[in-house]
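What follows is a short report on a single structure.
Everything numeric here is computed off the predicted structure, so don't read it as measured data. Letters A, B, ... mirror the listed sequences (proteins, then strands); counts begin at 1.
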Amino acid sequence: MRGDISPFPHHYHVGRRDRIRGAETALLQRNLFMPEAIQHLAMQHIVKRFPGVLACDRISIELRAGEILAILGENGAGKTTLMNILYGLYHPDEGQILINGRAVKIETPRHACELGIGMVHQHFMLVPNLTVVENVALGLYNRAIFHLDLNRVRKIILDISQKYRLAVKPDAYVWQLSVGEQQRVELIKALCLGANLLVLDEPTAALTPQETDELIAQLKEMARQGCSIIFISHKLNEVKALSSHICVLRNGQVVYNGNTSEHSVETLAEKMAGREVKLPISREKAAYGEDVLALQDVWAKGDQGTFALQGVSLTVRAGEILGIAGVSGNGQRELADAISGLRRVEKGHIFVEHAEITNLTPQQIINHNLGYVPEDRLHEGTIPSFSISENMIMKNYDRPPMTRSGFLQQKTISLYAQELVNKFQVKCPGIYSSCASLSGGNIQKVILARELTRNPKILVAAYPTRGLDIGATEYVHYRLLEAREANKAVLVISEELDELLNICDRIAVIYEGKILKILSKHEANKSSLGLLMAGVTG
Amino acid sequence: ADEKIKVALVIPSTIDDMAWSQAMYEGIKAVQAELGEDKMEVAVSERLWNAVDAGAAIREYALQGYQLIIAHGAQYQSLLNEIAPEFPKISFAYGTGFATESPNIFAYDPHAQEGAYLLGMIAGLKTKSNIIGIVGPVEAGDAIKFNKGFVQGAKAVNPNVDVRIAYTGSFGDLVAAAEIARTHIKAGADVLTGSSQQSVGAINVTKEFDKLFWLSTDMNQVSISPKTVLAAQVYNFKDTVKTMLDSRAAGELGGKHLELSFANNGLSLVYNEELAAEIGDDIKAKVEEAKGKLVDGSLKINME
Amino acid sequence: MLLEAITVIISTAIPLSVSFILAGLGEMFNQRAGTFNLGVEGIMLLGAFTGFYTVHHLHSNVLGLLAAMAVGAVMGLLMAVSVITFKATQGIAGIGLYMVGWGISGTLFRIYVGGITSIEGITALHIPVLSTLPVVGAMFFQHDIVVYITFLLIPLAWYVLFKTAWGLKVRAIGTTPRAADTLGVSVERIRYQCLILGGMMAGLAGAYLSICQAHMFADNITAGRGFIAVALVYFGKWHPVGIMGGALLFSLAHSLQRFIQVYGINFPYEFAVVFPYVLVIIVLALSHKSKDAGPTALGTPYEREFRG
Amino acid sequence: MKTTFTQRLGFKILIVVAALMAALLSGAVLFLLAGANPLQAYFVMFTKPLNGVFGLTEILVRATPLMIVALGIAISFRSGILNIGGEGQILIGAIIGAAVALYLPAMPKHLHLTLIFAASFLGGAIWGGIAGWMRAYFAVNEILSTVMLNYIAIQVYTFLIRGPMIDPQEIKYGTGVPQTAALPRELWLDKLIPGARLHTGIILAVILAVLVYLFLWKTPVGYRMRAVGAEVKASKYAGINVPKYLFFAMFLSGGFSGLAGAVEVCGVHHRGLESLSAGYGFSGIVVALFGALHPLGIIPASILFGLLIIGADMMQRSVEVPASIIMAIQGLIILALVSSQVFLSQEQMRLKLVKLLLFWKK
Ligand SMILES: Nc1ncnc2c1ncn2[C@@H]1O[C@H](COP(=O)(O)OP(=O)(O)OP(=O)(O)O)[C@@H](O)[C@H]1O
Ligand SMILES: Nc1ncnc2c1ncn2[C@@H]1O[C@H](COP(=O)(O)OP(=O)(O)OP(=O)(O)O)[C@@H](O)[C@H]1O
Ligand SMILES: [Mg+2]
Ligand SMILES: [Mg+2]
């Protein structure tokens, strides 16, 4: 690793800092400057209140160099809040943080960086109108005024990306990237900035299985070299594979602390949800209904102006769940957009029950009874500043019974929203609080509640369980299967192979805008899908 | 009655705009100086360009018992027509205007065209390039009167002269006026004029050039540019104000249309003494002759 | 004749564009950083007064320009305290600042000057040799020094915005302040810096009007130019070259309409006066293909603990 | 840190008072420079307008157009489009209103007034709609277009009142003052109180506020417009025709400003004349934002702003300071109030402030 210009390997060995050579590395050095490595971190009795919510209720955690602590908990349990406190984004109302036995007040993220804390945030912290390189440079040069050497940053990124096998396009603008790609950029950013305490808040929610495995291996290696890691994930097999300790939160309180090795994935799930969780597995059906959704040779452009869909043909039958597997960024977003009318179809046809819907307006397609759970839940699936109840009626607000004689029927709407909130167990202060205040998992529940309750003929669900806790995932799977039983046509886009294998009747693999193959339930397995997702056919 | 008379003035711009508003303010101050501060009280409200604010000010002055309220702008006519009947004991005045719908409204009306005619003559006689530029604000009211008189004066003495008019579209934008003046100059004009408070911006531009002259109106604007302002038409509002006060004292609260002309000394033409060499006696003679004709009515300016 | 006309039009347009460019560049930094300042007009007025007054008393043009920038910086700071520290709604604060600037400049002018007074100010500079060139000499090389400085500021602004670390931070916090914050960029500090810089530029723009163009001060001398400058930032899509293009287009149209008026036209002059405004809108409409959505966080205060 | 309602209210009042004090203190410097007594000035400013029919009615006279304009502004801001073209839309509405009043044959008063208002609404709506249309379909930023359209409107308006629509009397007497003929008396809005300018427009404004509230929050179209304003991406997803509603928002917004113009013509000026709008297009923005872009907040906000205008105006006259001072004082008050607003609405910010104050004590 000699001559590696990446700052990363030097972090865990403070003594080696002097090995960074060359005048141009002076800047990086300044960035990496830290008083001492974090040998021990303790957060003690942390309390954080938000108006109406007690997000952290006297939480204490402890971590030593080389340990990997997994924090588990349902959506909204307080994990992110706790980490935001550690990173200086929030200030705790009570409690203290000790680093190497000394109390520190972490005022700002900048301060946290200086202490050697790095964080991968759950909601991406990327600037969409800057390139990947510029995003990383922002952190590396946060103290500089003039000096800015993007070529250098590019090189660092490429090195890290190679080392951790996280593919990125350094000169692409972030707004052009899929969620999966953004997730990789987030990770690369944290790795480039370097830290000896790394906080990862659901870093794998949008990674492929291979990338996840790679990341886990690398994280372990880092920990071995003395880096401490806090890892938040709802994917318990990852937790099991990676962490040395776990801490389970519920309603802002620590309900369990212990060693990972003492638990199996199942017992972890139980600890977390407070009950036994069993993800459903669909049984094969003897017969399916008619083709409800059909795509014939569909071509559509991506945001970069090139064809992201290159002749996609597929059908979904009534009573069937068709899965779309693939590494994100291979046309999934465009596929879902094209079907729902949010993206122009340049060539080809889309039919719903023999009626052509190609390039109809989104409203017309909604009227053809299409339900859509979009990838971007925060800004596309919901209107964050609108209340939960307003979001619940987003697609049927203008027809009876929500609107009668030209006026919205407040009572009906409230009852409806309350019913959905209850039915889908959305955790919220009330139906009039804004969607922005919900946790990601609960936002997803709002969307699912809305889309499923409209009783669509076709449901397109993009990454429906990304970021959901295991209890909620279980819940979503049951709902999707319920839709299948009700003879709906369901199209599920996901990278979770387990999820697809559990619930789909057929799985199509998308690669570079083309459907490589459609596998039936018994043909599909992790390795066959994995190869196809990597573009290997035959 | 020897008690104190209270006069209020409502003006669209400021008392130091070197133009329309200042002319009236100085007129009132002159009357006050003559009568003595103990005999006359003066209140001023500036920048009441819009009619709503002016309306409030006028009403407030009326309620406070001011006896003469001068709303110094044509745009206030409508307001006075409404307010005056409610305060029959108070005299109101506005100008430029003619209508005196209530018996307690004075309308005053400077004949801007008269002085403009004389200024036009000077311009026509002084120009070498035969190009004269006018920097106008908005093509309306006094500006039209001024321009008409000016063009006729210039043409009368110099049929070959090309009088070019350009408007800024605003009364107060003196930077735009300066720009128009520069454009005029670059396009060959060597004598310029213009009206309203924006024109001070244009006057200032003339300083940058040699052998360039400005003819000013409303006030004597020589002080702005002593080397280029040749002559000025000056409104003597002092007499107008006095007439109104006298008329009021005589029991007539209004109902009069007061004109300001050379005939009644409401207007005067002043020359820049420093530039006496530029205006020869020949020019002066011609101008004074025309002024005489304006006074005796033998010279009529076409206002169609 | 045509050549002569073009010479006149271009040579008058260039100084005209200066105040728009100066104020526009300043506002560009504000907006890139996520705050928009409708108070530019007020800052320009106060800058115009300060510049005028300083030159009037100290007879130093350089001090005049510097004083205007200093006052502009203070006004920018006032805006920053209001919208950044106190998270005031930017639209209202801007209008408030506009009124403060107008009011104070008018008041001080009345108290300390009290009438039309002209100053020598900065006058056109005939660049040796170049200014004697036929045609181009008159068009481009007979302007005052501030004109040349302004046109040098355009590439400088471009460089600062796109090639320096500070510019990168500015662009980031105008779009996603939270992301920049997590990377250790101090959102508030940079927004403060931008507002102060923008204030300085607006102050300078105002001083240009009083010191270089009008050689005097009068109440409301800017006559809405500050608002035009803000509008031109949108025309220029937050890009220095775009802003320059917009300012030049607008100024050229103004020069052209004045030129046409001067040469006598037979239609209502209002059509001429309106021409530049119409032209700017139409040109922008015809060039609408640009992708840049601009600084998306424009107008929203940033507070770490707020969400939604 | 549990607090009672009264404690919170008290603290809020304290914050507002502190902000006002800061503004008035800095303004006091100006008064002293101008040789006036600041205490006297402020006393007049805040008490005189409330002291008597004249002041009170004048406040409402200003509040009327402010309220109507602000309602329109609120509609556009809620729909994600910033209308700063109120000034131009007011003029267009006013001149169209005047034209309908002057040139249509005699007809029953209420019919005629309805026509005037409808036409002026439409006129302002079209003028605003231009900006909306260009924003929606040509991506022309509305701040740019509305600023430009303001200048264009002023020129169009001036052209009409000095040219085709000028009062024939002005031609006859050669005075050429740019103004239209006076409206026939029966088209003047009725006065509410004898001897004061207050007219029935204020009632219209309040009714409109309620209607706008119902429209924005209780109808599907209002829902769509707010959705477009809140999140364009989600609105598209929900099947809303985003450009259409962007246009419609500006159309309505301009309509309200246009209507305000006609209300000024029929209620206050009784003719079209120069500088008919006292900057209502801009102050309307301040009012709308102070009213939290909510129709029911706009009612008190416009009255408060009316008080600020009238009080400052009266103070300037009674203390005799340069008129510019009132502009500065108003600006300072606006800045101070808007800077204190976040502490009123956000508990977190209030807590921050408390912590800061406590810290200082130590
Ligand atoms: N900025 C904020 N303002 C107000 N309340 C907040 C804020 N951030 C978090 N909360 C509250 O804190 C609680 C815990 O949130 P947190 O984000 O820590 O959950 P989480 O455990 O990360 O959930 P998830 O698994 O969904 O990520 C939530 O109930 C929420 O109400
Ligand atoms: N502004 C806020 N006001 C109130 N509660 C909030 C706010 N922001 C977040 N929360 C609460 O914090 C909790 C977690 O918020 P956050 O958005 O961090 O969740 P998350 O980590 O994204 O969740 P998920 O795992 O479901 O994606 C939620 O329960 C949510 O209700
Ligand atoms: Mg979280
Ligand atoms: Mg989560």
Side-chain angles (χ1 to χ4, degrees), chain C residues 36 38-39 42 78-79 81-83 85-89 91-93 95-112 219 224 227-228 230-235 237 246 268-271 273-274 276-278 280-281 284-286 288-290 294 299 301 303 305-306, chain D residues 19 26-27 30 33-35 77 82 84 130-131 134 137-152 154-156 158-159 162-163 282-283 285-286 288-290 321-343 346 348-349 352:
Chain C
F36 83 107
L38 270 185
L78 181 62
M79 180 76 181
V81 170
S82 173
V83 302
T85 302
F86 293 123
K87 316 221 175 309
T89 314
I92 313 188
I95 293 175
L97 195 75
Y98 159 51
M99 296 171 79
V100 169
W102 186 359
I104 294 184
S105 65
T107 308
L108 297 182
F109 179 63
R110 167 61 51 78
I111 298 172
Y112 294 113
D219 190 37
F227 291 104
I228 302 281
V230 173
L232 290 176
V233 174
Y234 292 94
F235 182 94
K237 306 255 186 225
Y269 75 92
E270 282 95 348
F271 292 115
V273 173
V274 146
Y277 304 92
V278 178
V280 163
I281 301 183
L284 192 58
L286 292 180
H288 73 281
K289 287 267 184 274
S290 150
E303 166 67 32
E305 302 206 353
F306 281 3
Chain D
S26 26
L30 283 178
L33 288 180
F77 278 34
L82 268 68
I84 55 179
I130 296 173
M134 287 195 301
Y137 298 100
F138 297 92
V140 173
N141 182 283
E142 72 277 9
I143 293 189
L144 177 117
S145 57
T146 48
V147 164
M148 299 291 158
L149 283 167
N150 279 344
Y151 287 90
I152 298 172
I154 292 171
Q155 297 302 330
V156 169
T158 317
F159 169 67
R162 78 168 177 86
F282 282 106
S283 353
I285 298 174
V286 178
L289 291 169
F290 266 131
V321 284
S324 303
I325 282 195
I326 65 176
M327 181 84 75
I329 301 292
Q330 284 171 345
L332 286 169
I333 292 177
I334 289 174
L335 267 178
L337 287 182
V338 73
S339 300
S340 66
Q341 226 176 21
V342 72
F343 298 103
Q346 295 281 359
Q348 275 163 291
M349 286 295 286
K352 246 176 110 170

Is D:Leu337 in contact with chain C via its backbone, its side chain, both, or neither, using a 4.5 Å heavy-atom distance? neither
Nearest heavy atoms of D:Thr158 and C:Tyr269, plus distance in Å: CG2-OH, 4.3 Å
Rounded to the nearest 0.5 Å, what separates atom CD1 in C:Ile104 from atom OG in D:Ser26? 8.0 Å
Heavy-atom contact with chain D under 4.5 Å, split by part of C:Val278: both
Pick from D:Gln330, D:Arg162, D:Gln341: which one has the most heavy-atom pairs with chain C under 4.5 Å? D:Arg162
What residue in D:Ile154, D:Ile285, D:Leu289, D:Ile333 has the most heavy-atom pairs under 4.5 Å with chain C? D:Leu289
Find out whether D:Leu33 and C:Thr107 are in side-chain contact, i.e. whether some heavy atom of one side chain is under 4.5 Å from a heavy atom of the other. no
Output for pair (D:Ile84 CD1, C:Leu38 CG), nearest 0.5 Å, gives 5.5 Å
Examine whether an atom of D:Phe343 lies under 4.5 Å from a heavy atom of chain C, and if so say whether it belongs to the side chain, the backbone or both; otherwise answer neither. side chain
Only counting residues at least two apart or in another chain, list the ones meeting side chain to side chain donor-acceptor pair (under 3.5 Å) with D:Glu142. D:Arg135
Interface moiety of C:Leu97 toward chain D, non-hydrogen atoms closer than 4.5 Å: both
Residue set satisfying ring-ring contact (aromatic ring centres under 6.0 Å, His included) with C:Tyr112, at least two apart, ordered chain then number -> none
Side chain, backbone, both or neither: which part of C:Ser105 has a heavy atom under 4.5 Å from chain D? neither
Considering all heavy atoms, the nearest C:Ser82-D:Val338 contact: OG-CG1, 4.2 Å
Ignoring hydrogens, what is the shortest heavy-atom contact between D:Ser324 and C:Asp219? Give both atom names and the distance. OG-OD1, 4.2 Å
Bottom line for D:Val147: the part with an atom under 4.5 Å from chain C's heavy atoms is side chain
Taking atom CD1 of C:Ile228 and atom CE of D:Met148, what is their separation to the nearest 0.5 Å? 4.0 Å
Show the nearest heavy-atom pair for residues D:Leu332 and C:Val100, with the distance to one decimal. N-CG2, 3.4 Å
If every non-hydrogen atom of D:Phe282 is compared with every non-hydrogen atom of C:Ile95, which pair is closest and at what distance? O-CD1, 3.8 Å
Where does the angle between the aromatic ring planes of D:Tyr151 and C:Tyr277 fall among parallel (under 30°), tilted (30 to 60°) and perpendicular (over 60°)? parallel
Side-chain contact test, heavy atoms from C-beta onward, threshold under 4.5 Å: evaluate it for D:Leu144 versus C:Leu284 and give yes or no. yes
Select, from D:Ile334, D:Val286, D:Ile143, D:Leu82, the one with the greatest count of heavy-atom pairs under 4.5 Å involving chain C. D:Ile143
Looking only at heavy atoms, what is the nearest atom pair of C:Pro268 and D:Phe159, with distance? CG-CE1, 3.2 Å
Sort C:Phe36 into side chain, backbone, both or neither according to what part of it lies under 4.5 angstrom from a heavy atom of chain D. side chain
Residue pair C:Met99 / D:Ile329, side-chain heavy-atom distance below 4.5 Å: no
